[in-house]
Peer 1: 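I have a structure here, written as structure tokens, and I will follow up with some questions on it.
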Amino acid sequence: DGSRYVDMAKGTNTLGFWRYAIATDSWLQLANVPAGAHRKVKAGSAVYVQIGDSGYVYLLKGPTTEFYRFNVATWKWETMQPAPMGSHPRWYGGSFLVFDGDHTIYAHKARYHELWAYDVLTGVWSGTRLNGMPFVGKASRTRKSRDGGSGAFFEGGIYALKGGNTDEFWRYDAAANTWAEFDVLP
């Protein structure tokens, strides 16, 4: 949440959801992630979002399109509009969510390099797919984003690692809907 807690879905084919308290160096098990379509969390991504005075943890339950949010005040899960299926319905490991600090969550779909936007104020996914991370980087090789792919939003853009045993580091400019590759990781 940016100050006191780190909330985490355990993953690895479980429904466990936990909170780590930084000040006390302790873990607390919270309400399980909803079973939904009888699938446990195998992959996926979560992001903390502050809307006014309320805090939420949004969770994309990979590899499905199930999308939830955990209300940190009530400790209850809410079912949200499912993530877009796009060209393929699965959201594999390496997919990630980032929040722009205003009202948009960006969701990057690993393997398929799709980028989608979700408005936290309206609770609706954009019907238009954004430009996904390029498959071909500076090394002129086609590489898919996979496990290890991750991102963070900072100053108008997403800084992202492609993952999948690559050393590629990218930045997405949200205003221009474009990607640029930086120098590779050391």
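FYI, side chains are in, hydrogens and waters are out, and symmetry mates aren't considered; it's all heavy atoms of this structure.
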Peer 1: Holding to side chain to side chain contact (heavy atoms under 4.5 Å, CB included), I want the full list of residues that pass it with Ser140, two or more places apart in sequence or in another chain.
Peer 2: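 Partners of Ser140 under the side chain to side chain contact (heavy atoms under 4.5 Å, CB included) test: none.
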Peer 1: Once side chain to side chain contact (heavy atoms under 4.5 Å, CB included) is applied, do any residues pair with Trp27, and if so which ones, sequence neighbours excluded?
Peer 2: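 By the side chain to side chain contact (heavy atoms under 4.5 Å, CB included) rule, Trp27 matches Met8, Trp18, Tyr20.
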Peer 1: Restricting to pairs with a member in residues 80-89, which pass salt bridge (Lys or Arg N to Asp or Glu O under 4.0 Å), not counting sequence neighbours?
Peer 2: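 For residues 80-89, and leaving out neighbouring residues, there are no salt bridge (Lys or Arg N to Asp or Glu O under 4.0 Å) pairs at all.
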Peer 1: By the salt bridge (Lys or Arg N to Asp or Glu O under 4.0 Å) test, which pairs, at least two apart or in different chains, include something from residues 23-37?
Peer 2: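 Applying salt bridge (Lys or Arg N to Asp or Glu O under 4.0 Å) to every pair that reaches into residues 23-37, excluding sequence neighbours, yields nothing.
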Peer 1: Please round to the nearest 0.5 Å and tell me the distance separating atom CD of Gln29 and atom NZ of Lys10.
Peer 2: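 Reported to 0.5 Å precision, the distance equals 8.0 Å.
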Peer 1: Excluding sequence neighbours, so at least two apart, what forms ring pair (Phe, Tyr, Trp, His ring centres under 6.0 Å) with Trp77?
Peer 2: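 Counting only residues at least two positions away or on another chain, Trp77 forms a ring pair (Phe, Tyr, Trp, His ring centres under 6.0 Å) with Phe17, Phe70.
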Peer 1: According to a 4.5 Å side-chain heavy-atom criterion applied to Ile, Leu, Val, Met, Phe, Trp and Tyr, with indirect links allowed, do Trp179 and Leu161 form part of one hydrophobic cluster?
Peer 2: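 Per the 4.5 Å side-chain linkage, Trp179 and Leu161 are not co-clustered.
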Peer 1: About how many Å separate CG of Asp167 and NZ of Lys138, when rounded to the nearest 0.5 Å?
Peer 2: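 If I round to the nearest 0.5 Å, the distance is 10.5 Å.
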Peer 1: Using a 3.5 Å cut-off and no angle test, enumerate the donor-acceptor pairs between side-chain atoms of residues 102-117 and protein atoms at least two apart in sequence or in another chain.
Peer 2:
residue : atom : partner : partner atom : Å
His103  : ND1  : Asp119  : OD2          : 3.3
His108  : NE2  : Ser145  : OG           : 3.1
Lys109  : NZ   : Met85   : O            : 2.5
Lys109  : NZ   : His88   : O            : 2.3
His113  : ND1  : Met133  : O            : 2.6
His113  : NE2  : Ser145  : N            : 2.7
Glu114  : OE1  : Trp116  : NE1          : 3.1
Glu114  : OE2  : Ser87   : N            : 2.8
Glu114  : OE2  : Ser87   : OG           : 2.5
Glu114  : OE2  : Arg129  : NH1          : 3.2

Peer 1: Check the hydrophobic clustering (I, L, V, M, F, W, Y; side-chain heavy atoms under 4.5 Å; chains of links allowed) and say if Trp170 and Tyr172 are grouped together.
Peer 2: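 Result: yes, single cluster for both.
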Peer 1: Can you give me the closest heavy-atom contact between Leu15 and Val41, atom names plus distance?
Peer 2: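 Here Leu15 and Val41 meet closest at CD2-N, 4.3 Å.
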Peer 1: I'd like to check the side chain to side chain contact (heavy atoms under 4.5 Å, CB included) partners of Arg69; sequence neighbours left out, ordered by chain and number.
Peer 2: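 Counting only residues at least two positions away or on another chain, Arg69 forms a side chain to side chain contact (heavy atoms under 4.5 Å, CB included) with Ile51, Tyr56, Tyr58, Glu78, Met80.
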Peer 1: Would Tyr48 and Trp75 show up in the same hydrophobic cluster when neighbours are defined by side-chain heavy atoms closer than 4.5 Å?
Peer 2: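 Same cluster: Tyr48 reaches Trp75 through Ile, Leu, Val, Met, Phe, Trp or Tyr contacts under 4.5 Å.
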Peer 1: Could you tell me which residues satisfy side chain to side chain contact (heavy atoms under 4.5 Å, CB included) with Val124, sequence neighbours excluded, listed by chain and number?
Peer 2: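 With sequence neighbours excluded, Val124 shows a side chain to side chain contact (heavy atoms under 4.5 Å, CB included) to Gln81, Thr122, given in chain and number order.
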Peer 1: Could you check Phe96, Trp91, Tyr68 and say which one makes a side chain to side chain contact (heavy atoms under 4.5 Å, CB included) with Leu60?
Peer 2: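 That would be Trp91.
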Peer 1: Out of curiosity, does Val49 fall in the hydrophobic cluster containing Trp125 (side-chain heavy atoms, cut-off under 4.5 Å, transitive links)?
Peer 2: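 In one cluster with Trp125: Val49, yes.
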Peer 1: Once salt bridge (charged side-chain N to carboxylate O under 4.0 Å, His left out) is applied, do any residues pair with Asp7, and if so which ones, sequence neighbours excluded?
Peer 2: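 Scan of Asp7 (salt bridge (charged side-chain N to carboxylate O under 4.0 Å, His left out), adjacent residues dropped) gives Arg19.
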Peer 1: Examine distances only and state if a side-chain atom of Lys162 and a backbone atom of Pro134 form a donor-acceptor pair shorter than 3.5 Å.
Peer 2: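 The answer is yes, because a donor-acceptor pair under 3.5 Å joins these two groups.
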Peer 1: With sequence neighbours excluded, give me every salt bridge (Lys or Arg N to Asp or Glu O under 4.0 Å) pair touching residues 41-62.
Peer 2: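 Found Lys61-Glu66.
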Peer 1: When the side chains of residues 147-156 are checked against the rest of the protein, which donor-acceptor pairs come out under 3.5 Å, sequence neighbours left out?
Peer 2:
none

Peer 1: I'd like to know if the side chain of Asn131 reaches the main chain of Thr178, judged simply by a donor and an acceptor atom lying under 3.5 Å from each other, with no hydrogens or angles considered.
Peer 2: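 No; judged by distance alone, with no hydrogens or angles, the pair does not exist.
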Peer 1: Hydrophobic clusters here meaning ILVMFWY residues chained together by side-chain heavy-atom distances under 4.5 Å, can you tell me if Tyr118 and Leu130 are in one?
Peer 2: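 No, it is not one cluster - the side chains of Tyr118 and Leu130 are not joined through contacts under 4.5 Å.
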Peer 1: So, for Phe67 and Leu97, which heavy atoms are closest and what is the spacing to 0.1 Å?
Peer 2: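 Closest approach of Phe67 to Leu97: CE1-CD1, 4.1 Å.
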Peer 1: Would you say CG of Asn165 has more than 12 non-hydrogen atoms from neighbouring residues, nucleotides or ligands within 6.0 angstrom?
Peer 2: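 Result for CG/Asn165: open.
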Peer 1: Atom NZ of Lys40 and atom CG of Asn13: how far apart are they, to the nearest 0.5 Å?
Peer 2: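 Result: 5.5 Å between the selected atoms.
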Peer 1: For Arg4, give me all partners under salt bridge (charged side-chain N to carboxylate O under 4.0 Å, His left out), at least two apart in sequence or on another chain.
Peer 2: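 Only Asp1 meet the salt bridge (charged side-chain N to carboxylate O under 4.0 Å, His left out) criterion with Arg4.
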Peer 1: Closest approach of Leu59 and Ala46, non-hydrogen atoms and distance?
Peer 2: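 In terms of heavy atoms, the two residues are closest at CD1-CB, 4.0 Å.
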Peer 1: Give a yes or no on whether the backbone of Gly52 and the side-chain of Gln50 come within a donor-acceptor separation of less than 3.5 Å.
Peer 2: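 Yes, because the side chain of Gln50 sits within donor-acceptor range (under 3.5 Å) of the backbone of Gly52.
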